[in-house]
Amino acid sequence: MQIDRRDFLKYSIWGLGLLAGASLFVPGAGYFLSPAWKEMTEDWILLGDADKIPVGEPTKLEFVQRRKDGWMTVEKKRSAWILTQDGKSFTAFDPHCTHLGCPYRWDVSKQEFLCPCHNAVFGINGNVISGPPPRPLDRYATRMEDGKLWLLPVLEKEKT
Ligand code: FES
């Protein structure tokens, strides 16, 4: 097959046009699509000054969790029961009962966490004292930095 000069020029111009188009399209598409390929990210959340949390008495703290999911940042109001026995190490409990997820409360007079849904009772350390929950209260990771308390709002069961 022979290609004359006119066809050669025509194909060359088409080829160069496609090459120029691809060189613009590929990086642009990568820029717009790359957030969708990234995994969701979780970040530590600053709860505040650690010395504001009373010793020996669980305190419910609320916080806003921001998660990047692709292009979107999703905000969600959450909370945790924070407990410290010495003002240095802290435990953060997920505020949902490990039976069916009802919110529970701290009973000051009984010094126990009580879940009203099916009458579960948890000790101050989160262990089940009575009722149907299959396991102790779920916990979040915490860390201290320069007197500030941080929380990672991801439970072990949410990591998978
Ligand atoms: S949900 Fe708490 S005892 Fe059932």
Side-chain angles (χ1 to χ4, degrees), residues 21-160:
S23 69
L24 292 174
F25 175 78
V26 172
Y31 174 79
F32 286 107
L33 292 176
S34 62
W37 297 325
K38 289 181 184 163
E39 288 185 19
M40 281 197 268
T41 58
E42 293 95 21
D43 295 312
W44 287 85
I45 290 176
L46 176 63
L47 291 180
D49 294 330
D51 61 5
K52 297 253 166 57
I53 296 170
V55 174
E57 198 70 30
T59 304
K60 194 173 187 182
L61 295 182
E62 296 191 338
F63 55 89
V64 175
Q65 180 183 18
R66 289 180 187 84
R67 297 178 79 170
K68 281 199 168 198
D69 188 0
W71 298 275
M72 295 178 20
T73 299
V74 182
E75 288 191 358
K76 191 176 176 185
K77 252 187 162 179
R78 298 185 69 171
S79 62
W81 283 95
I82 310 296
L83 172 67
T84 180
Q85 297 290 14
D86 57 8
K88 293 175 189 151
S89 64
F90 293 81
T91 304
F93 296 112
D94 177 65
H96 300 99
C97 177
T98 51
H99 179 221
L100 294 178
C102 285
Y104 57 83
R105 66 180 177 84
W106 174 248
D107 187 302
V108 177
S109 61
K110 293 181 179 166
Q111 292 289 294
E112 293 169 335
F113 291 109
L114 306 177
C115 178
C117 290
H118 309 96
N119 299 320
V121 179
F122 298 90
I124 195 169
N125 57 3
N127 289 336
V128 179
I129 293 176
S130 66
R135 62 180 188 281
L137 295 173
D138 292 321
R139 297 173 180 217
Y140 298 115
T142 59
R143 71 179 162 91
M144 281 272 285
E145 209 173 279
D146 300 328
K148 306 281 186 193
L149 181 62
W150 294 78
L151 176 144
L152 186 62
V154 181
L155 298 172
E156 286 301 318
K157 65 182 182 183
E158 295 175 325
K159 288 182 180 172
T160 56

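Numbering of ligands and ligand atoms starts at 1, following listing order.
The distance from ligand 1 to the heavy atoms of C102 drops below 4.0 Å at these ligand atoms: 1 (S). For ligand 1, the atoms lying closer than 4.0 Å to a non-hydrogen atom of A120 are 3 (S). Of all atoms in ligand 1, listed by their number and element, those nearer than 4.0 Å to a heavy atom of C97 are 1 (S), 2 (Fe), 3 (S). Of all atoms in ligand 1, numbered sequentially from 1 with element shown, those under 4.0 Å from a heavy atom of C117 are 1 (S).
For H99, the N, O or S atom with the smallest separation from atom 4 (Fe) of ligand 1 is ND1. Among heteroatoms of the N, O or S kind in H118, ND1 lies nearest atom 4 (Fe) of ligand 1.
No donor-acceptor pair under 3.5 Å is formed between the side chain of D49 and the backbone N or O of K52. Panel note: side chain D107, backbone S109; a donor-acceptor pair is recorded below 3.5 Å. Of the possible polar contacts, one joining the T142 side chain to the F90 backbone as a donor-acceptor pair under 3.5 Å is found.
Considering all non-hydrogen atoms of both residues, T91 and R139 come closest at CG2-NH1, 3.5 Å.
Here the two cysteines C97 and C102 have their SG atoms 2.5 angstrom or farther apart.
No option in W106, F93, F113 other than F113 meets the ring pair (Phe, Tyr, Trp, His ring centres under 6.0 Å) test with W81.
Taking 2.8 Å as the criterion, C115 does not count as a coordinating residue of atom 4 (Fe) of ligand 1, since none of its N, O or S atoms falls below it.
Scanning the protein heavy atoms around atom 1 (S) of ligand 1, the nearest turns out to be L100 N, 3.3 Å.
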